[in-house]
Each structure stands twice: as structure tokens, then as C-alpha cells.
Amino acid sequence: MARYNVKETESRWQQRWSEAGCFEVEADPGKPKYYVLEMFPYPSGRIHMGHVRNYTLGDVVARYKKAKGFNVLHPMGWDAFGLPAENAAIERGVHPAGWTRENIEAMREQLRGMGLSYDWRREVATCDPSYYRHEQKMFLDFLKAGLAYRKESWVNWDPVENTVLANEQVIDGRGWRSGALVEKRKLSQWFLRITHYAQDLLDALEGLERWPDKVRLMQHNWIGRSEGARVRFELVGRDDVLEIFTTRPDTLFGASFCAVSANHPLVAEFAEKDPALAAFVAECNRSSTSEADIETAEKKGYLTPLRVRHPFRDGVTLPVYVANFVLMEYGTGAIFGCPAHDQRDLDFARKYELPVIPVVLPPKADPAAFAVGDEAYVGPGTIYNSDFLDGMEVEAAKAAVAERLTAIGRGEGTITWRLRDWGVSRQRYWGCPIPIIHCESCGPVPVPEDQLPVTLPQDVDFDSPGNPLDRHPSWKHTTCPSCGADARRETDTFDTFFESSWYFARFADAQAETAFGRAEADYWLPVDQYIGGVEHAVLHLLYSRFFTRALRDCGYLGIAEPFAGLVTQGMVCHETYKGPDGKWLYPSEVAKGDGGATVTVDGGKPVTVGRVEKMSKSKRNTVDPANIIDAYGADTARLFMLSDSPPERDLEWTEAGVDGAWRYLNRLWRAITESDIALPPPGTPKPTELSPAAEQAWRACHKTILGVADAIERFRFNTAVAQIRELTNLLFALDGKGAGEAWVLRFGWETAVRLLAPMMPHVAEELWVRLGHTTMLAETPWPDADPALAEDETVTIAVQINGKLRATIEVAKDTGKDALIEQALGHPNVQKQLDGKQPRKVIAVPNKIVNLVA
RNA sequence: GCGGGCGUGGCGGAAUUGGUAGACGCGCCGGACUCAAAAUCCGGUUCUGGUGACAGAGUGUCGGUUCGAGUCCGACCGCCCGCACCA
């Protein structure tokens, strides 16, 4: 019998599925639907192991749900706008459009080689005007609905490249390519009013029951609702006020300073007259816009000549600092500092020698002795040193302050969100043009809908600094749709999160002339199971949730939540290797030498084996899926991806593990195709007599069918594989001689092959045919199981003495407490351990345990 | 810095969610087949002691709750992810 021919078999079945249109689906209100979606990839040129893992997980679910009778939508597309295409243009002189198109072609072929059950007719590429035209319309609708607006905000500016830099392109305060010191610059940009839905986005998290708790918690914290108060401090010697936001109005009597952001309007005024202040502001503006950098940077302040009056204490004034840790984007861009009860304020106060006045007394502390040292007290307690608040608990004091502030017109209680509106403007070429025209007299005017889409010009160059759209000789010149005067197109493009915020809806009706048909969207949405990396836990998922609400309110959709179920997969990792010269080596460049040591393939030089880390080009610890699929086939790669780790955890790719998967596939192949045991024809009724081994295997089949289904439903694919291996281990051991064994072998192999079909679809189809079937497994329902047969008749009960295992007893299922205790006490080892003594207490739990307390 | 997660044999992991820790696999050891090797097949494999039945220890560390803790609570240590212009 011929060996299993991977390449021929896999491509043949891929072709058959495609020709039969197995995975092409239409909305059918008469059938229950299931929408499986994996996060679509950026077309970087080649698929990587992260993709293989993600798409294998999705494919198992899609094929399984189809076998379970669902009308399964499983689409794939390309998140095709983004920076790497522009970088390729700059570094290699290729056009982003051509580069992207070629990458898509190459990656589509790779995905096809994995045998994924996509409805390819629904493929979309977001850089295609037939896709992005719809989001231009959406943006205009958002504008009408008041969900989009324009305001100034700060960006990282590279003065040499004349371009805005992403945080990741700023390395140690310098542009990654130019090396120039990066500055902050204020630009007028478009924003989407995600904060309009802040409360709803927060509240609705509770209803997302099939989302991981950790993702819901991360979103909860990201939205960051905080109740507090605005306080308007009168500025000494001026008519205006300084408005601050605080979450701790109860500590107002402990205030010893105010601090404002370097970009606060008040600061500009003083910086003009004070070169040192101007220098400090400039320094702040040179630092990163990233929150992580701001928070970890040394806290610095600059004392202004301004002072503010304390709202409750006549004659008391506080100094005003400019501080590098106060964000203009949060609250009012100004704070008051209470060093005794906030660590950052305390550090600041110690540095600038400001008073530290405790106003919250910890429970049971002595007011005369309590003092704050290097650690601020942030716990609960009773207010003191605080006039009318004295004796109140923290929460009551917060309310009392808000009330008093309102009464004297100096502030009020308020809610602030950490969540900021979503800035969608990007000063880049390779993105969706923002459909706006700027007119000197009319201001920003929407492009009329009949002139959509606004398409990107093809003839651009990346040779000189700045945004190619802005530099283009003619593209931006147009006339005002409103007054007809000469006008200028918006040259910014959308953030690429814009495209990914609604693609799941486009897939419901990918060929539609509109964004998508309402009936199609109503049928398919929401996505029943969404699968992708944890790195998207906050931004992409939150933006999509926002977008769905905004689309609902603009009449596109009837739902608020796009993803009913979510699984976030872990990363694919690999060992790292360094050669004698200290340079990183690819796994393909090293091998196990004679003594078991790791050496270079080329020359046998010693290799240092490093830690297991996320696969990355920089550490060269990547394995190209193309090589694996070429050598072992897609089924083996898929099986290994599923069997070694649960999806949400990191997966370590090992050559040995892949070999193991490969050996299993071949073992199964040989057992079915090369066996001497003649199996009865398909459909032969079960014989009445079964040998004990046959009976056991038969029952195991039923148990495994239920167990594997349960494991797949719960995303425990590794245990699903383990259960199938247990079953096949039983089958490998049958010699076919006992009564009914040949029949059980047929039943067992058919069961195993059907259970494996979602995971290793090609070899499963091929074995199904070898077992004498003419149907396709892709169209075959999930096997039926008899729950009664899956139940064991006896259970093993652990017998403990003082919590230590001393014996096990085998009893009939559901044996009562008294019988359990009697049997346990009768066990020789138990008697030996008890040594004639009576247990003081006996705990017996049927089907589980007996614990004797001696 | 803030937020989130993870930690179990030599390794990846399993454990019906408070009830026999180590399923399944990898690796290793022993055996069969072979002139030999590879492949394959069979057996063993948490650690310590014991020929053995068994006994002791054991789920990052320390403490707690419980008849019983990998699982619950508190403190700590280590590693990983996110932090708004990477996608």
C-alpha cells in the first residue's frame, strides 16, 4: 500500500471543496446561522505562525458548526491600508498599491494551501475603493449625526521627514529614520465622538458573556469612568479662573498646589514673557506623547507667578506649577495636588518642598501622631483638618464638597472618563481619503455623496519628505461644493482602525453596491465567534463596538454589539539561538549535534540556546509556515497548533512537537489503510456479541464523540485532540479477532476520522474514502452518540485518612454514603492505617471520595 | 508608572471548577525487529527511600480558610502583554 501522499492529497481535496462550493453560503432565514470570524491579516507578504494558529482555530469552529447543522459564514479579507506599504515605498521604491496587491496574491495562495473553509467569494481588500467608498459615506453620516468633529490635537512631529510619527517610530525621542529630535506639534484633526457612548460601552460589557473576563476588565479600565468634581479656583489678581478636575474633592483642604499641563492656555501667556518657562514648555513638548513614557519620566514642574485662592479657606492661596505629568487631554488639563493622599503629588511636593497636610485619618489612627512619610495614604478613613468636612467618611465628604462648591458657584460634582474621543486623521498616503473639502469662506465642507468615492491618486512619489497627498501637484486642488470657489481637499487619510471597525458587516454582503444590505446584515450579525490576538483586546474591539453603535444610530444596523463571542489567542513562541559571533540564528540554521549539543548546520559551530520568546524577525526565532506545510502538509501543522496548548495561552513551536503530530497522522493512516483486519462493509449493523475489549472501545467511541464536541464548544482543542488519541490508542490495540472487533474497528475508525475532520480535514476526507465512503466529510454531519453508552457503570472512589490518599475502591455508580463508608473501612490498607481506632469524623461524597478523620 | 494576564514532572500541558495531581503528547530509559542504523512496535518514566507491598515530599514563595486546596483568601517574587499614530 502506498504511503500517504501529502501534497497530492491536500491539493486534491482543496480543489474538490472549491469545485463543490462546500463553503459558499447564502443568508437563509429558515436555517440557524453561525458566523465565525478570524481577525483579518495585514498583507505583509507572507503568512506567519500567528496567522496559522488564528486561522486553524477559526477553521475548526467553522467546520464543526457546519457539521452540527449550522449555516456557517466564514469569510476572509485583507486589512490592506497601513504604514508598512509606505515604508516599502520609501525603502524599496515600490508603489504601495502594487506592493499590497502582490502581497495579497501571495498570502491568499498560502491560505488556500492550509485548507481553510472560507467563502472566498466574499473576500474584501480595504484598500479597494469599492470597500472604502462606504466608509467615506459613513463618515459623512457620522458628521451629520454629530458623531464626527474637528479639533486641534498634539502629534509627534519629525522636523526632518516633515511627517507625523507613530509612537513606535519614536525611539529615545528621535525619529526612527531621520534620527531628528521629535517635537510635539498641534494639528487640526478629525475626531469620532466615542465618548458619546462611554456609559453604554461600559454598561454593555456585562452582557458580553462569551468574552474573556480579562478583556472586559481591560475595556472597563480603559473607558475609566471616574466620579469627581470640577473646582474653579479664582486666580489672584486676575478676573479669570483655573478650572481643575479631581477624583478626590474630599481632600481639598489638604491641597498645597495646583499644576497645569504645559499646553494649558494659561501657560502660553506666561511663556511669552518668561524664556525659562518657554524652555520648560519646549522640553515638555519634546517628550513623547505616549502615556507609558509620560508616566515613567521624571516628574518635573515649573513654578509660575500665578496663585489661586482656596475656594473654602479665606486668605489661603496656592502656587500654580506647570507639570510634565498633567495631560491636556484628560479632565481640564489642570489638577490640584494633595500630597498626603496621592503618591505622585507627594513625590512632587517633596521635590519642590511643598507642605504635606494630612486630611484623611486612617481607621484607629491617632490624629496627633499620624504623619505621612514617603508613602501617601490612599485608603479609607475619617476626614480631619478640614473645617466643615471634619468627622465625615471619604465618600460622604466627596458629596459634601460637591454640594458646597455648587452652592457657592465654584464648581460641581461631575463624571470624567479616561476614554478620549478617537482621533482618526493620519497624515499619510496609504489610507482612505477623508471626504472633506476645505474652503476659505465656507470652512470644511463634506464632499457631496454623488462625488464619492474620493480615490487616492496613483502617481505619487515618496522621494521627498512630507505627505505625498499634500505634495501632489493637482490632487488636492478642487472647488468648493458649497460656493464654487477654489478649495483644497483634505489630504489626511483615516486611521486604519477605521476599516477594521466595520469589515465584519461588509462580509455579510460583500458585493453590495451599498456598504451592506440591511437584510443580510440582520441575518448574519452579530459575529457568533470572533478569534484574534490579545493585542487587540482594547483598541480594535472597542472601536468596533463604538462603530456598530454609530452605524445603528445612522440607520445601517439594528444591533449594538458586533461580536457575541470572543477568543483571544496567545502568541506563537520559539527558542532563540545565538552563534559563536553573538548573532541571532534562525531555527533552520541550527541542529542537534552528535552529543546532543546544539550546533550550526553550517560548520557545526557551538550555538547558545536562549529563552523561548515570541517569534520575531529581530530575534530570528521564526519558522516559516510555508516550509512546514511544504515538508509535512497543512494537516500536520494544524494538528500541532491545536494539540499542544490551549488557544488563549502562548504556544511554543517545537520541531519535536511537529514530528509528533506527523507521526500520529501516519500511524492513523497505516492503521486504516494497511491493516490485515477485514472490516465489514459500511453500514453493517452492530453484532449482538462484543468481546470485552470491543465493548470498551465501542463505549469509548460514544464518550469521545460527546467529549470532543464539548471540548470544541469550550475551545479546549488540546483536550479534544487528547481524547481522540486516547480513543485511537484503544483501537490500535484491537487485533480484530474477538467477537465484534472488526465491526467496532470500522465504527471506531469512522468515528475518529469524523472527529478529526475539523482539525485535519484533508487526511480525514481521504481516509473516509478509503473506508469505503463516497460522500464528502465536509458535507457530513457530526456523528451521533448515545449518552447512556458514554456513562461509566462503575466509579473509582478515593479513600483518604486525614486528607491523605490511602486506598481506592471500585463501586457501582451512585453508591450511597453508607455503603461507601462500609467498603472504605473494609479495605486492608485502611484497616492497617486506622490500626483498630474509630474515625472521629467521616465525610463521604458519592461518586467522589471518602475521607476518614482519625 | 498604570491596567491586564500567567506560573503544575526533564518539556508542552491535563485535572469533571473544593474531592485520587500529572490525562494526552514530547523527551528519556529498557526491550523487540535488524548484520547494523533509521523507521516501527512493546514496556517504564514527578522526586526521595524500599526488590516489593508501601511510606515521605510535591502545583513560583510565605501565610490563612477547610474534613480536604493546583483550585478560595492575603502578602510577596518572576515572566509576558496593553497604554490611544504598529496592526
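Below, chain A is the first sequence line, B the second, and so on; all start at residue 1. The structure presented is a predicted model; accordingly, all values stated were derived computationally and were not measured.
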Any idea which of C85(B), C83(B), C81(B) is nearest the W222(A) side chain? C83(B)

Contact class for N729(A) (heavy atom, under 4.0 Å): base, sugar-phosphate, or nothing? sugar-phosphate

With a cut-off of less than 4.0 Å, is there a side-chain N or O of Q219(A) near OP1 or OP2 of G4(B)? no

Between the base of C85(B) and the side chain of Q427(A), is there a donor and acceptor pair under 3.5 angstrom? yes

Taking syn as within 90° of 0 and anti otherwise, name the glycosidic form of G82(B). anti

Counting C-beta onward and ignoring hydrogens, is there a side-chain heavy-atom pair between L57(A) and L642(A) closer than 4.5 Å? yes

Could you please name the option among G25(B), A55(B), C85(B) that lies closest to any side-chain atom of Q833(A)? A55(B)

Taken to the nearest whole Å, CD1/I843(A) to C1'/G19(B) is 11 Å

Does this structure show an ion pair linking E490(A) with R150(A), if we count only N-O contacts that are shorter than 4.0 Å? yes

Per atom distances to the E295(A) side chain, the nearest of A55(B), G1(B), A14(B) is G1(B)

What nucleic acid atoms does L651(A) come within less than 4.0 Å of, heavy atoms only: base, sugar-phosphate, or nothing? nothing

Regarding W422(A), tell me which of base, sugar-phosphate or nothing describes its non-hydrogen contacts under 4.0 Å with the strands shown. nothing

Where each residue is assigned the nucleotide of RNA chain B containing its nearest heavy atom, which of E652(A) and V538(A) is assigned the position nearer the 5′ end? E652(A)

Base, sugar-phosphate, or nothing: which does M39(A) touch, judged by heavy atoms less than 4.0 Å apart? nothing

Are more than 12 heavy atoms from other residues, nucleotides or ligands located less than 6.0 Å from atom NZ of K351(A)? yes

Which nucleotide in G4(B), G1(B), A87(B) has an atom nearest any side-chain atom of H536(A): A87(B)

Classify V155(A) by what it touches in the nucleic acid, base, sugar-phosphate, or nothing, heavy-atom distance under 4.0 Å. base

Whether Y543(A) and W422(A) hold their rings parallel, tilted or perpendicular, with breakpoints at 30° and 60°: parallel

Report yes if the side chains of F81(A) and Y42(A) come closer than 4.5 Å at any heavy-atom pair, otherwise no. no

With a 4.0 Å cut-off on heavy atoms, is R344(A) in touch with a base, just the backbone sugar-phosphate, or nothing at all? nothing

Mind checking if R420(A) touches a base, just sugar-phosphate, or nothing, with heavy atoms under 4.0 Å? base

Phosphate oxygens OP1/OP2 of G4(B): is one of them under 4.0 Å from a side-chain N or O of N221(A)? yes

Mind checking if T296(A) touches a base, just sugar-phosphate, or nothing, with heavy atoms under 4.0 Å? base

Where the chi angle of U17(B) falls, syn if within 90° of 0 and anti if not: syn

If you assign I849(A) and S643(A) each to the RNA chain B nucleotide with the nearest heavy atom, which residue ends up on the more 5' nucleotide? S643(A)

When you measure from the side-chain N and O atoms of N718(A) to the phosphate of G12(B), is any distance below 4.0 Å, counting only OP1 and OP2? no

If you look at every strand shown and take non-hydrogen atoms under 4.0 Å, does P646(A) touch a base, only sugar-phosphate, or nothing? sugar-phosphate

K703(A) NZ - A23(B) P separation (whole Å): 16 Å

Measure from the side chain of R667(A), starting at C-beta and using heavy atoms only, and say which of C41(B), U20(B), A84(B) lies closest. C41(B)

Just compare A84(B), A87(B), C42(B) and give me whichever is closest to any side-chain atom of E291(A). A84(B)

I want to verify a distance call: between G12(B), U40(B), A21(B), whose nearest atom is closest to the S645(A) side chain? G12(B)

OP1, OP2 of G12(B) versus side-chain N and O of R649(A): anything below 4.0 Å? no

Between G70(B) and C79(B), how far apart are the P atoms? Round to whole Å, please. 26 Å

Let me know which of K614(A), E655(A), E613(A) forms a side-chain hydrogen bond (donor to acceptor under 3.5 Å, both in side chains) with H574(A). E655(A)

Of the options Q189(A), E329(A), R185(A), which is the one that meets W154(A) in a side chain to side chain contact (heavy atoms under 4.5 Å, CB included)? E329(A)

Would you tell me if any nitrogen or oxygen in the side chain of K841(A) comes within less than 4.0 Å of OP1 or OP2 on C67(B)? yes

From the options G68(B), C80(B), C86(B), select the nucleotide whose nearest atom is closest to the side chain of E168(A). C86(B)

Within the pair N847(A) and G19(B), is there a side-chain N or O less than 4.0 Å away from OP1 or OP2? no

Parallel, tilted or perpendicular: which describes the rings of H51(A) and H48(A), with under 30° parallel and over 60° perpendicular? parallel

Counting distance alone, no hydrogens or angles: does the base of C67(B) have a donor or acceptor under 3.5 Å from a partner atom on the side chain of R840(A)? no

Is any side-chain N or O of R806(A) closer than 4.0 Å to OP1 or OP2 of G56(B)? yes

RNA chain B stem ranges, 3 or more consecutive Watson-Crick or G-U pairs under 3.5 angstrom: B:1-7 with B:77-83, B:10-12 with B:24-26, B:27-32 with B:40-45, B:46-49 with B:54-57, B:60-64 with B:72-76

Any base atoms under 4.0 Å from S425(A), or only sugar-phosphate, or nothing? Heavy atoms, all strands. base

Anything under 30° is parallel, anything over 60° is perpendicular, the rest tilted; go ahead and classify F640(A) against W653(A). perpendicular

Using only heavy-atom distances, decide whether a donor-acceptor pair under 3.5 angstrom links the side-chain of Q189(A) to the base of C85(B). yes

Out of C80(B), G68(B), G13(B), which nucleotide sits closest to the side chain of Q800(A)? G68(B)

